[in-house]
There are 4 protein chains.
Amino acid sequence: MTSTNGFSDSQESDLLGEEEYKTLVKDIGFVPTPWIQKLDPAIPIKEEFPGRYNFQVSLGNLDSSKNWVYSQVLKKVFINMEETLPLRFKWEPPEDGLLLRTAMVFSLDQYASDPVRRCHNHMAPNIPSNRDVLPRVIKHVVRCTHHLTLYEERNEHLSIVTPLNRPQPGSQYVPVCFKFLCKNSCPSGMNRRPTELIFTLEDSNRRILGRQRLPVRICSCPKRDKKKEEAEVSQPDVKKRKVCIPAGKKMMPSCDTHIYNAQLNIVGKENYLAVLKYAYDIMAGQAIRTGQLDFFKPYLDNILRKTP
Amino acid sequence: MTSTNGFSDSQESDLLGEEEYKTLVKDIGFVPTPWIQKLDPAIPIKEEFPGRYNFQVSLGNLDSSKNWVYSQVLKKVFINMEETLPLRFKWEPPEDGLLLRTAMVFSLDQYASDPVRRCHNHMAPNIPSNRDVLPRVIKHVVRCTHHLTLYEERNEHLSIVTPLNRPQPGSQYVPVCFKFLCKNSCPSGMNRRPTELIFTLEDSNRRILGRQRLPVRICSCPKRDKKKEEAEVSQPDVKKRKVCIPAGKKMMPSCDTHIYNAQLNIVGKENYLAVLKYAYDIMAGQAIRTGQLDFFKPYLDNILRKTP
Amino acid sequence: MTSTNGFSDSQESDLLGEEEYKTLVKDIGFVPTPWIQKLDPAIPIKEEFPGRYNFQVSLGNLDSSKNWVYSQVLKKVFINMEETLPLRFKWEPPEDGLLLRTAMVFSLDQYASDPVRRCHNHMAPNIPSNRDVLPRVIKHVVRCTHHLTLYEERNEHLSIVTPLNRPQPGSQYVPVCFKFLCKNSCPSGMNRRPTELIFTLEDSNRRILGRQRLPVRICSCPKRDKKKEEAEVSQPDVKKRKVCIPAGKKMMPSCDTHIYNAQLNIVGKENYLAVLKYAYDIMAGQAIRTGQLDFFKPYLDNILRKTP
Amino acid sequence: MTSTNGFSDSQESDLLGEEEYKTLVKDIGFVPTPWIQKLDPAIPIKEEFPGRYNFQVSLGNLDSSKNWVYSQVLKKVFINMEETLPLRFKWEPPEDGLLLRTAMVFSLDQYASDPVRRCHNHMAPNIPSNRDVLPRVIKHVVRCTHHLTLYEERNEHLSIVTPLNRPQPGSQYVPVCFKFLCKNSCPSGMNRRPTELIFTLEDSNRRILGRQRLPVRICSCPKRDKKKEEAEVSQPDVKKRKVCIPAGKKMMPSCDTHIYNAQLNIVGKENYLAVLKYAYDIMAGQAIRTGQLDFFKPYLDNILRKTP
DNA sequence: GCACATGTTCAAGTACATGTCG
DNA sequence: CGACATGTACTTGAACATGTGC
Ligand SMILES: [Zn+2]
Ligand SMILES: [Zn+2]
Ligand SMILES: [Zn+2]
Ligand SMILES: [Zn+2]
């Protein structure tokens, strides 16, 4: 699985230690049977299930700084590297002593078994942001701002465990913040492969009580990339490589092609003609802006015909 | 003449040396009589006159970088500090051996006798842009990129003299570029007082052959400040008193009160609503212009009712 | 460390002279061990400690002129330039022969090693307030009205030393008054960086016996700025820079009364006049809809005036 | 010296060891006086001089694979990473026992003292191409295929030394091949900074006998990038970043094509934008009606650009 | 070799900081 | 003290640089 940039897309290097394997099997052993899909310990399970605690994750407040955005259509977060993503976790009843495990995995099945780790560039110990970071933490792409978070490694795969205390009185959820220390594009790291966060609610014995997922893209231009990905799903059949793209620019939504029938009583012929002309002009403007002159032409001509 | 920031608006410190005074009088002595206005050597003469050489100044090409803008209404340049202003000078016949003297002066008469010099901050020898600048040059706000330019000081007043050679073959003018090394807002310097450049065409004996002026504002946001100054002159006293407009000035015939029924197919809701709004607005405009609001009101309300 | 205004935030220029360095080491040698934090002579120590004399500083009476205010929440003084700040110093037992050293330093760690000195503008020898001021005094931002105050310079860093005599009979403290000869905003000087005063109680051998600090902001509007800074700390998480949200998209924006200056190049006189008319009409429409005809009238008339 | 991608542009970490410094001074000591420019050992000397051996470098045959190209105008090689660049060296008389030192340096003076080293990604020991590479070799961007090449490090700066034997009988030159193990764009490495190779002819005592330089860009698309760089030098004054759409060439429109400049004060952003849109639309309408879209397009685009 | 993916740079715009004026 | 004047800093969108996939 080596792509053309020469960096292996697979990052694993070691086999799972026996001890860890036992631990893992033990953990999974407690998962209710229907949720056990694959026993290959190298492939993380991504199936969502709220479980008996009705485990849920939602987004925290979007501060106006907008270092991240959320796409409602894609159910996906787009965020800058090293910025904070505020999330909220909920479980019922809100008892104490539970744990939140957070792991980042590759979204595409073909890479599912690859561990997600930081790239060599960003792990280099001499860069300033790695100053004073523990070696066991430095290789994690995902960090949690909660200071009791544990950074774990099982079989090259990394995850972090944050202790959960019941929500503050009057609150329904617990806020937890995350940061991401590499970009999805990092060569020798995630290498342009999409990822998602897998959250599991666990008890103190690491039994899995619920699981949720949240696709995340860490990039330099979250807004731009969100727009592009949304455009892709909205026009799925357009061939990937188009020969030419007619640029649609703003000033007005370009997609609304519903036809409305306006019936108006206008005072004065001058005004009447002005309305006709205006209707013509705004549609002409949109036609040019969106490059859809062909579509608009008959409606324009129709107005012209009413003009004395 | 001390403003509240404690910096004297006047910068002169010395009297005119006798020698320089003689020189100055001699120069002015050659000015044709009608142009001698004031004999006070401290007050620069700003009167424009093309003279027998039909001396003219115009703007060079505005490169897209837009570190400067020119206001057509104000006949004024707005430019960033340390940026280049390309000008063009023309005289007829285009003979060689003439000189261009450029001086910056305060536009307001009350400061006309103050010399324009750099502020203490920007003259400080330890700032990088003053590295390798000659002491006699360092105090000038205006510099010319022409390397033969002389930097002169007469009685605290500064000016620069650039030799002019006839235009390149095929060209009508000679390009000369200037830079400005302080802002108009500089405390302890120009101190927020407006300025202008005075260009004089001189012969080799410093006889003045023509004069032109060009208001210049050196600031951090040329575009913004241009807009503001233009708005000021276009609406000189918006809150003070409103000028009465004789009712019924046209723009449209006011008498046609026939009712027309417009039926249109409009593409897109946005466009549909825009047509409704436009119909409303043009009738509202006419209603106000003709003072027949009462007549138009029901038709206006009718449109409002169609609006979601 | 150069900010965008082109002035270096760092003001130091020379290395510490050997003589001064010895002096400094000697001085620091007497500081009780726990208080020695850093031996870098360029970074002033700011730790407060009353010491065995229980050294304390407090504010003098706020005279009615109100050229300064004190923020209880911020523990910070806001004061006009060149105004007097009355302070009171106390030590126990109140013996004679001690010294008060006062130094102004930058509050932010990133600038801690920069010396605080007057800006070029305010140091200029020709401004009136510098008349008859000794050269060694002229560069100090902080002055003490006590006429025996010494003005010292160690390694570019400035401080002043005031002899302390025991309080007057019946008094618990000694009053000392200070003045500030630059503003925190001074370009080429403090350059908008926050500062604080560091007071050290010293014996006649310059041994440090106690230290106190007092944040000070020298500005033109102490009251306004105090209010703003207090508001900031009370709402720490509110976004610094709010992003403008587009006004409601109804047909009638009723509240936006900001004035925009539109400058357009229009092809054809017909179109040009149509744009004028349209601008008139939409404002007329809004004026009627919102009932604010009076407010809109001058702008409408202004457009009429442009109409041929 | 940190660029926005967070990687320091400077890679050096240590001071020059004493031993190395001595070595260096010794080396330089033998350089003929006129070539000693700067004694700062961190700044490599780039001056070309053939020296008494008339040391020359030229390109080998361009094999058909075309993994590299040479720009005659730029005197610069563009090459893919890990591909072989065949060069030819010549010296007269062609005696044996000389050495060729090859060092890669940054072309821009501001980075001249930074050592050129491989990026973290490409130095990672687990990538296949680093299998079986000696640690002292692994950090070099430049490798020589000659198996006797020595890989040296002086003060963080890297260079390689290849023994030169006189040309084969009948040949005028000696062929030497190089490979490059990072791209100029490598983040955390060369980080998009241009580079060049410095070749020095040395005798067995490391005395410098001649020097030549060859700009090299290692990239993924040598041909494309060559074309672009050549275009840049051929049009040096063209604005770097165009803010505007190139104005469509005119064809005489049949109707009123005079350009009017409308300046209006509009109340409210909504209204302001409406006027912009209206201006756009009426011109768009006319453009379609008259079939002169090309003529109108620049004016339309100009309005679009004012739209937020 | 081209279209695209994606980081970086640049510049316009705008909110804010802070002095000055009336 | 409020309204402005004006520099500075942040935000954003667009243009560019440059690698990758087809
Ligand atoms: Zn990375
Ligand atoms: Zn200045
Ligand atoms: Zn100052
Ligand atoms: Zn590399």
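All chains are named by letter (A, B, ...) in the order of the sequence lines, taking the proteins before the strands, and each is independently numbered beginning at 1.
- Rounded to whole Å, the distance from CG on A:Asn67 to C1' on F:dG13 is 16 Å.
- Under the side-chain hydrogen bond (donor to acceptor under 3.5 Å, both in side chains) test applied with B:Ser71, the options B:Glu230, B:Glu229, B:Lys76, B:Lys227 reduce to a single match, B:Glu230.
- Computed from coordinates, the D:Arg193 CZ to F:dA17 P distance equals 18 Å when rounded to whole Å.
- A side-chain donor-acceptor contact under 3.5 Å links C:Arg118 to the backbone of C:Leu181.
- Look at CZ on B:Phe78: it is 16 Å from C1' on F:dG7, rounded to the nearest Å.
- Under 4.0 angstrom from either OP1 or OP2 of F:dT8 there lies at least one side-chain N or O belonging to B:Lys183.
- With rounding to the nearest 0.5 angstrom, the CD atom of C:Glu82 is 7.0 Å from the NE2 atom of C:His122.
- OP1 or OP2 of E:dT9 sits under 4.0 Å from a side-chain N or O of D:Arg192.
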Criterion side-chain contact (heavy atoms from CB on, under 4.5 Å) on D:Cys119 and A:Asn121, from CA distance to verdict = CA-CA 7 Å; D:Cys119 74; A:Asn121 277 340; 4.3 Å; yes

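- A:Glu83 places its CD atom 13 Å from the C1' atom of F:dC10, with the value rounded to the nearest Å.
- Across the protein-nucleic acid pair, D:Asn121 atom CG and F:dT18 atom C1' stand 15 Å apart, rounded to whole Å.
- Close to E:dG19, at under 4.0 Å from its OP1 or OP2, lies a side-chain N or O of C:Ser185.
- The CE-P distance, from A:Met190 to F:dG19, rounds to 20 Å in whole Å.
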If you look only at distance, which donor and acceptor atoms sit under 3.5 Å apart when one is on a side chain in residues 218-226 of chain C and the other is two or more places apart or in another chain?
residue  : atom : partner  : partner atom : Å
C:Ser220 : OG   : C:Lys183 : NZ           : 3.4
C:Asp225 : OD2  : C:Arg217 : NE           : 3.1
C:Asp225 : OD2  : C:Arg217 : NH2          : 3.0

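- One interatomic measurement links the two molecules: CG of D:Asn80 to C1' of F:dT18, which rounds to 13 Å at whole-angstrom precision.
- Between the side chain of A:Asn184 and the backbone N or O of A:Arg192 there is no donor-acceptor pair closer than 3.5 Å.
- What separates CD1 of C:Ile218 from P of E:dA17 is a distance of 19 Å, to the nearest Å.
- A search for side chain to side chain donor-acceptor pair (under 3.5 Å) contacts involving A:Thr84 returns nothing, not counting sequence neighbours.
- Only D:Lys223, listed by number, bring a heavy atom of residues 219-228 of chain D to less than 4.0 angstrom from any atom of DNA chain E.
- When each of C:Asn184 and A:Asn184 is assigned the nucleotide of DNA chain E with its nearest heavy atom, A:Asn184 is the one assigned upstream, toward the 5' end.
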